[in-house]
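Encoded as structure tokens, the structure appears first; notes follow it.
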Protein chains: 2
Amino acid sequence: MLIIGERINSSRKAIAQAVASADRAFIQREARIQEEAGADYIDVNTGVFPQEEADRLKWVIETVQGVTSLPLCLDSPDARVIAAVLPLVNSPPMINSITLEPQSLESILPLVVQYKARVIGLCQGQGQLAQSVPAKVELAGRLVETVTAAGVPLGDLYLDPLVFPLASNIQSGVNVLQAISRIMKDYPGVHTICGLTNISYGLPNRKLINRTFLTAAMVSGMDSAILDPTDRDLFRVLKTAIMVMGGDEFCMNYIKAYRQGRL
Amino acid sequence: MLIIGERINSSRKAIAQAVASADRAFIQREARIQEEAGADYIDVNTGVFPQEEADRLKWVIETVQGVTSLPLCLDSPDARVIAAVLPLVNSPPMINSITLEPQSLESILPLVVQYKARVIGLCQGQGQLAQSVPAKVELAGRLVETVTAAGVPLGDLYLDPLVFPLASNIQSGVNVLQAISRIMKDYPGVHTICGLTNISYGLPNRKLINRTFLTAAMVSGMDSAILDPTDRDLFRVLKTAIMVMGGDEFCMNYIKAYRQGRL
């Protein structure tokens, strides 16, 4: 299970403030606690600074790389921002994200190839958000074709089937689970990923829903996730689900986490 | 999701004591709290009284039926005990359980037919416990054949693929999940069920594992479970998993449980 730590996202007020005031210690602490909690990538996002997104992101990247050697997940839909910061990263990053929209493919895909990056592909085309299972699977297939045709290895592609709120369509969860299961069967070697939080939008006790949905997605074959690994309840469920799914030989990691007082 | 409340089991010390001392109020409270928590059946077991299992079970049944009209799940491997108590039940019960062992089939199956009972079929044959996926699926198929040939409707059969501890085989969980998925696909209309607690045997923080495994089994297609519906954390996960799997139109039951302070 590959974990992208989601905390350094400027949509969180505390992060926006730390970026605005160039609070190095705060951002570095956010990176460190995610590494300690088991993140494989650190997501970095400065999207709330539209005029200065690239400059702010450069600062965040240098700040984070000052304290961890974990690779970064560069979180911007803007190819100019991605292009501006790519020369700064110390190791091949993940790019979050591309879609099937022509301007996304034309501008970001060449950067993925040039920098041997991994890339998150959203099941989203021109004016088309994949709601149904067939739509998700169809857009996933077109992403696989397009991205591999450009020279990106299939194993570097992380398909996000798009999660919509249960509150607006009770089938939203099942649609994602079935799409994940189909995608992982149809394209062996590709990865699936999703953000968890959309599923619970508009409902009470969101974290309970998010972590239950994480288990469900893992059972359906999802092998990576963008989440907050420092969320203790989420971490407990994550470690337990990995073990239940057979991914923790002799239950060693589970028992270790228990001894560390983390379960 | 069909829930069998497991609390009135004499392997629990408090239950054994209440049965031994004929503590009507205690047993009736155990029945009531499970009904209030959403149980569909009340399991009744007096297995720790080997010489008097049938008499004790008669007393428990009369006691429980004095306070609830929920159907009962008669929990004994002994056909004589089942035969002795069946005339007492107010509505068609579930019988827990039969196996493929000849003495089980010959003695219990006719009672299932005669009383139009539902029945739990363990994937267990003569000297054979189903550990692997093919073994579980094969024994499930033989149970389907045998039980329906005797005249029991397929929809009255609850197949239990047998859960073994993760601590002794890390694939135990995945084997159950894959077997459930195969069984539900191969025999549309049949039900699957399991006890959750074996999965966590020998590991710390067992309830965390049990409820994560419940979610995983539900995602794999399991449509009934023997559990303690008054376990608050388990209840939260159960209600949430039902919603995530699309089984809670407009999220009504989830929101209701939230308003009742149960999430």
Side-chain angles (χ1 to χ4, degrees), chain A residues 163 165-178 180-181 196 199-200 202-222 233 235-259 261-263, chain B residues 163 165-178 180-181 196 199-200 202-222 233 235-259 261-263:
Chain A
V163 176
L166 287 167
S168 61
N169 175 3
I170 193 63
Q171 293 304 312
S172 297
V174 170
N175 287 351
V176 170
L177 302 180
Q178 291 181 355
I180 288 172
S181 169
L196 303 171
I199 194 75
S200 59
L203 290 169
N205 216 338
R206 295 187 62 177
K207 287 185 165 190
L208 170 64
I209 303 171
N210 298 347
R211 58 183 185 257
T212 305
F213 187 61
L214 171 65
T215 304
M218 289 170 67
V219 172
S220 303
M222 186 179 77
D233 286 329
F235 175 88
R236 285 154 51 96
V237 165
L238 176 66
K239 285 288 158 189
T240 308
I242 289 170
M243 179 175 69
V244 162
M245 295 308 295
D248 183 5
E249 201 63 51
F250 305 116
C251 310
M252 296 278 280
N253 290 324
Y254 179 87
I255 291 168
K256 187 177 151 199
Y258 175 76
R259 288 188 179 148
R262 300 176 72 192
L263 294 187
Chain B
V163 176
L166 287 167
S168 61
N169 175 3
I170 194 63
Q171 294 304 312
S172 298
V174 171
N175 287 352
V176 170
L177 302 180
Q178 291 181 355
I180 288 171
S181 170
L196 303 171
I199 194 75
S200 60
L203 290 168
N205 217 338
R206 294 187 62 177
K207 287 186 166 189
L208 171 64
I209 303 171
N210 298 348
R211 60 183 183 257
T212 305
F213 187 61
L214 172 65
T215 304
M218 288 171 67
V219 172
S220 303
M222 186 179 77
D233 286 329
F235 176 87
R236 285 154 50 98
V237 165
L238 176 66
K239 284 288 160 189
T240 308
I242 289 171
M243 179 176 70
V244 162
M245 296 306 297
D248 183 7
E249 201 62 52
F250 306 118
C251 310
M252 296 279 279
N253 290 324
Y254 178 89
I255 291 167
K256 187 177 152 199
Y258 174 77
R259 289 190 178 144
R262 299 176 72 194
L263 295 186

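Here is how names work: the chains are called A, B, and so on, in the same order as the sequence lines, proteins then strands, and each is numbered from 1. Computed from a prediction, not measured in an experiment: that's the story for all the values here.
- Contact annotation for A:Ile209: both backbone and side-chain heavy atoms come within less than 4.5 Å of a heavy atom of chain B.
- Closest approach of B:Val174 to A:Gly246, counting heavy atoms only: CG2-N, 3.8 Å.
- Every pair passing salt bridge (charged side-chain N to carboxylate O under 4.0 Å, His left out) that includes a residue from residues 236-252 of chain B is listed here, sequence neighbours excluded: B:Asp233-B:Arg236.
- Residue B:Leu263 touches chain A through both its backbone and its side chain, counting heavy-atom pairs closer than 4.5 Å.
- Per-residue heavy-atom pair counts under 4.5 Å with chain A were compared for B:Phe213, B:Tyr254, B:Phe250, and the maximum is reached by B:Tyr254.
- In this structure, chain A has heavy atoms under 4.5 Å from both the backbone and the side chain of B:Met243.
- Using a 4.5 Å cut-off on side-chain heavy atoms (C-beta onward), B:Met245 and A:Leu177 make contact.
- The structure places CD1 of A:Ile242 at 11.5 Å from OG1 of B:Thr212, a figure rounded to the nearest 0.5 Å.
- The most heavy-atom pairs under 4.5 Å with chain B, out of A:Ser168, A:Gly173, A:Pro204, come from A:Pro204.
- Counting heavy atoms from C-beta on, the side chains of B:Tyr258 and A:Leu208 never come closer than 4.5 Å.
- Here A:Thr240 contributes atom OG1 and B:Leu203 contributes atom CG; the two are 10.0 Å apart, rounded to the nearest 0.5 Å.
- Across all their heavy atoms, B:Ala216 and A:Thr215 have their closest contact at N-CG2, 4.4 Å.
- The line from CZ of A:Arg262 to CG of B:Asn205 is 14.0 Å long, rounded to the nearest 0.5 Å.
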